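First up is the structure itself, then whatever we jot down about it.
As the structure lists them, so they are numbered: ligands from 1, and atoms in each ligand from 1. Just so we're clear, the structure is a prediction, and the values are computed from it rather than from any experiment. One is the number of the first residue; the rest follow in order along the sequence.
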Amino acid sequence: MIDAINTLFRDSFGASPTLITRAPGRVNLIGEHTDYNDGFVLPCAISKQTMVAVRPRDDGMVNIIAGDLNSASTSFDLGVPILTDAAAPWSNYVRGMASLLQAEGLEFPGVDMAIHGDMPQGAGLSSSAALENASGLAFAALAGQPDFDRTRLAQVGQRTEHEFAGCKCGIMDQLVSARAEAGSALLIDCRSLEVTPVAIPDDIAILIVHSGISRGLVDGEYNARRAQCEAAAAHYGVAALRDLATLPAQGSLNAVAWRRARHVVTENARTLGAAEALQANDLASLGQLMAASHSSMRDDFEITTPAIDWLVAILANAIGDAGGARMTGGGFGGAVVALVAKGRLDAAIDAVRQHYRTPDGHPAEIMVEQPKAGASLIL
Ligand code: GLA
């Protein structure tokens, strides 16, 4: 991939890059829609990643070429207020990082920039967080801060989503892509932003299956869920649903908001339980927690689809008590994650090949993943 981005850069700009960064995508093992409720999540960074290569310019322009989007290109000027670009929405993540890092006081020059990666689009594996962290780290390094605090980098990424992409997301995707450690998942307390690595035992495989149902255009549903959770927290007089150790009676709260709250309260407990089960290499308990998480996303949070439910059922059936499966990410499509004893991995993959087709009739994309480290400089 380094050769590919070097070639793309030289072919596009006629010189070599002076700096290359990378940031990984992520898969969330458990703890869904808990992050913006100040709760707990347990994601891990994966090998699929985005790379950004840059070379400084002296005219303040940022000229970008996106190798993964048929070499789409766009430009913007660091010297004037940076706006979103409806004609190149993929570039809004870079525009946001540049704009908000400038606002944080970082001074960096214009650049020629090439973007290249191997993240599947629409799989819900956080290609946007990877692009935010990789481009943001490049700007920070050019500002003389290659060690720019990774939590702050993630927070700037989250603000980019809010202010430049219209998604009121939590901190999970950006934080795990910025701070993950190789070999471990990251238990994140989304209130304190404290992270605790939880090693993934060698005999457990991380299996990701892309349903073939593309995420996207679902920010409205996402933001609506967030608003319902905030309404439920306000109703119960707490700062966030994280503050409810158990679910209060419904009282005068409407039934939908109450079910949303039930998902969040129970999911927080499951996430803490799963971190312990992972540490103890207790695959049977992990599997039960993942199954309960999926049911809760289906029935209480209402973010799964029938095809995703079917895919999870195929995996759960093939895995038995040697692990578990659930939808991962924001919902309404995207990928399913399974944690499975390596001895049962082939059976799980065979079951998916045999029984699942994407909506347009193709076999699903299957990835066997490794927990990787967060954003870094590679040149
Ligand atoms: C998306 C958001 C995250 C998180 C998940 C759901 O990935 O970007 O902040 O809320 O959905 O868990």
Asp173 N/O to ligand 1 N/O under 3.5 Å
yes
Students should be able to answer this: which protein heavy-atom is nearest to atom 10 (O) of ligand 1, and at what distance?
Tyr222 OH, 2.5 Å
side-chain contact (heavy atoms from CB on, under 4.5 Å) test vs Leu142 passes for just one of Leu137, Leu19, Leu106, namely Leu19
Option with minimal heavy-atom separation from atom 5 (C) of ligand 1, where the choices are Glu161, Gln158, Met172:
Met172
Would Ser293 and Glu32 satisfy side-chain hydrogen bond (donor to acceptor under 3.5 Å, both in side chains), going step by step from the backbone distance to the final call?
CA-CA 8 Å; Ser293 170; Glu32 221 65 80; over 6 Å; no
Picking from Arg262, Arg259, Arg225, what satisfies salt bridge (Lys or Arg N to Asp or Glu O under 4.0 Å) with Glu302?
Arg259
Closer than 4.0 angstrom, basic N to acidic O: yes or no for Asp173 and Arg26?
yes
Say whether Gly170, considering both its backbone and side-chain N or O atoms, lies within less than 3.5 Å of an N or O atom on ligand 1.
yes
Just jot down the ligand 1 atoms closer than 4.0 angstrom to any heavy atom of Tyr36, in number order.
10 (O)
Can you name the atoms of ligand 1, numbered from 1 with element, that are less than 4.0 Å from a heavy atom of Cys169?
2 (C), 8 (O), 9 (O)
A student checking ligand 1 against Arg26 at a 4.0 Å heavy-atom cut-off should list atoms 7 (O)
With nothing but distance in play, are any N or O atoms of Ser126 less than 3.5 Å from an N or O of ligand 1?
no
Is ligand 1 less than 4.0 angstrom away from at least one heavy atom of Met297?
no
Can you check side chain to side chain contact (heavy atoms under 4.5 Å, CB included) on Glu369 and Cys44, steps first, answer last?
CA-CA 10 Å; Glu369 270 300 340; Cys44 77; over 6 Å; no
With a 4.0 Å cut-off, would you call Lys48 and Glu365 a salt bridge?
no
For ligand 1 and Glu32, I'd like to know whether there is a polar contact (N/O to N/O, distance under 3.5 Å).
yes
Would you say Met97 ends up clustered with Ile20 if hydrophobic residues are merged whenever their side chains have heavy atoms under 4.5 Å apart, either directly or through other cluster members?
no
For ligand 1, which atoms sit closer than 4.0 Å to a heavy atom of Asp35?
3 (C), 4 (C), 9 (O), 10 (O)
Does Val52 belong to the same Ile/Leu/Val/Met/Phe/Trp/Tyr cluster as Val156, with side-chain heavy atoms less than 4.5 Å apart forming each link?
yes
